[in-house]
Visitor: 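Let me begin by handing over the structure; questions about it come next.
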Amino acid sequence: MSHLMEVRNIETYYGPTMAIRGVSFDVSQGQIVTILGANGAGKTTILKTISGIMDPQKGSVSFEGRDIQRMDPDRVVRLGISLVPEGRELFPFLSVRENLQLGAYTRHDHKAVASDLERVFEYFPSLKMRASGPAGMLSGGEQQMVAIGRALMARPKVILLDEPSLGLSPKLVKEIFEIIVRINRDSGTTIVLVEQNANVALQVAHFGYILEMGRIVMADTGPALLEKDDVREFYLGIKDKGVRGVRRWKKRKTWR
Amino acid sequence: MHGGRSMAEFLQLLVNGLAVGCIYGLVALGFVLIYKAGEVVNFAQGEMMMLGAFVAFTFIVQFGLNYWIGLALAVVVMAAFGGLLDIVVVRRIIGQPQFSTVMLTIGLGVMMRSGASMVWGPETRGLPSPFDKTVLQIDGVVLSAVYLAILVTTALLCVFLLGFFRFTRVGLAMQAASQNQLAAYCMGIPVKRVLSSVWALSAGVATIAGVMLAPISLIDPNTGAIGLKAFAAAVIGGFGSIPGAVVGGILIGLIELFSGVYLPEGFKDTAAYIVLLAVLVVRPQGLFGAVGRKKV
Ligand SMILES: Nc1ncnc2c1ncn2[C@@H]1O[C@H](COP(=O)(O)OP(=O)(O)OP(=O)(O)O)[C@@H](O)[C@H]1O
Ligand SMILES: [Mg+2]
């Protein structure tokens, strides 16, 4: 079976610094796939490479059987891949409604765009009240909602989410993740979710990858990763009491 | 008040100052549009105005076309020129240090100036306007329709631009690209093409300014030098604020004309910069600028 998106051996640089050191992974149609990693692991760089903001030096990204590495971002989004960038990146002086409408910039089916706008307001009711205010005046959580809504407005086949939980209260994180699951269930939208918050991400992900220093070091289904000792210890901060004595002298990750 | 200085003269000065200020304001608006969209300061903006006036001169005087048709053609030709300038030259140095873009646009201005004197000669030219002969008398105050037409045109142009930015797809895309270029790219907005359209738009606006200026102050290849005053206007307005640019222009126009009449010789030409200094000392961010950028 071929996957909706296949990333093969990409290497991406910032000047002379190699940020991604040959990463490969697959994304299947309709799934939520998560990539977990600590600060500086290269998560954002992977999403930038897929969405065309950065070009990989080597390797390929194929989407629906077509090579998209080195394509410009405005063409990638037209193929059906929308990015919700790290730090939201809204248009601060435009209204919330205008921000959302710009998400549908590539579309010309005005009626459907209008009904999708209603759908976004239904997912995020608190945005409706602030629809005519400038997006720059929203709280961090509301801005994250606008960023997700704006990506939805393109009716993408894949949404790339870069740390949606960043800086949000646990309650808001829960709410946002419920919406992410709903988006995935309601319209079968495939989701690539990059996170540091392994706990929430693995709760919702069908499949997960663990990224360290620009390399994928582990891959498994969401539930399986949740059960793995290394993941529990290093990403969830849970230490199993029973093996503590053994762990003390053997405190290293098994994949190294 | 001095003997002959009457209310009528004051009103005339007011209208004339407003009109000249509108022209500064429109050129300043061009600076701001290009700066906001692409972070390039186009020091050739005054020269674009000058070229626009000469192109209109060719259509209207040399080819003998109808004034409005000639004006429309000049705007189209100059818009194409502005867009091409971005595509062929400016776009290539995006990402280089600010100094390179500054030098580049200054160089472009010099080239436009010498190009104009090669094509149209160094002498001054007039451009007739359909409002030349019309004079309005209100309560004994004689107002030239040329000046009033400038006010009306500027007002209409501002309303048009406002509507364009708020309600059209391209206008919204321009705003998006100027607020967050990366995000605009990710929305599928062809940012490069949008930036070129901004150049086209500000060249078109500059052309209208030039055509309005021509009847009140003959044009020659050095007319573009008022770009410097327009630049001061843009800074006064907060460089980045579109209403600020127009208000800054009007402020300079008014102060210039009034100081020419009520103040000793010599103040007229420095007035713009005295105002600029005063504004920058009192409100470093400009009249309409955002507060709290950088402390050092
Ligand atoms: N603009 C840049 N210039 C140079 N190096 C960079 C730049 N951005 C990121 N890097 C480097 O690339 C590596 C990967 O960065 P990336 O932003 O992809 O990490 P991340 O996993 O998204 O981290 P975080 O969780 O903090 O967002 C890091 O080592 C970082 O130092
Ligand atoms: Mg990141």
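In what follows, chains are A, B, ... by sequence order, proteins preceding strands, each numbered from 1.
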Visitor: Quick one: does B:Tyr185's side chain get under 4.5 Å of A:Ile53's, heavy atoms only?
Guide: no
Visitor: Tell me if the CZ atom of A:Arg70 is crowded by more than 12 foreign heavy atoms within 6.0 Å.
Guide: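 More than 12 within 6.0 Å, yes.
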Visitor: Short question: side chain of B:Gln179, backbone of A:Phe93 - any donor-acceptor pair under 3.5 Å?
Guide: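 Yes: the side chain of B:Gln179 pairs with the backbone of A:Phe93.
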Visitor: Below 4.5 Å from any heavy atom of chain B, which atoms of A:Pro92 appear? Answer side chain, backbone, both or neither.
Guide: both
Visitor: Among A:Leu102, A:Asn99, A:Val77, A:Leu83, single out the residue with the greatest number of heavy-atom pairs under 4.5 Å to chain B.
Guide: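 The answer is A:Leu102.
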Visitor: side-chain contact (heavy atoms from CB on, under 4.5 Å) between A:Met153 and B:Met187: does it pass, once the steps are laid out?
Guide: CA-CA 10 Å; A:Met153 290 298 291; B:Met187 299 300 107; over 6 Å; no
Visitor: Walk me through whether A:Asp74 and B:Ile189 qualify under side-chain contact (heavy atoms from CB on, under 4.5 Å).
Guide: CA-CA 6 Å; A:Asp74 55 324; B:Ile189 295 172; over 6 Å; no
Visitor: Can you see which heavy atom on A:Arg107 is nearest to which on B:Arg169, and at what distance?
Guide: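 Heavy atoms only, the tightest pair is O-NH1, 4.2 Å.
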Visitor: What is the distance from atom CZ of A:Arg88 to atom CG of B:Asn180, rounded to the nearest 0.5 Å?
Guide: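 Nearest 0.5 Å value for the CZ-CG distance: 13.5 Å.
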Visitor: Just checking A:Tyr14: does its OH atom have more than 12 heavy atoms from other residues, nucleotides or ligands closer to it than 6.0 angstrom?
Guide: yes
Visitor: Looking at SG of B:Cys186 and CD1 of A:Ile81, how far apart are the two atoms once the value is rounded to the nearest 0.5 Å?
Guide: 11.5 Å
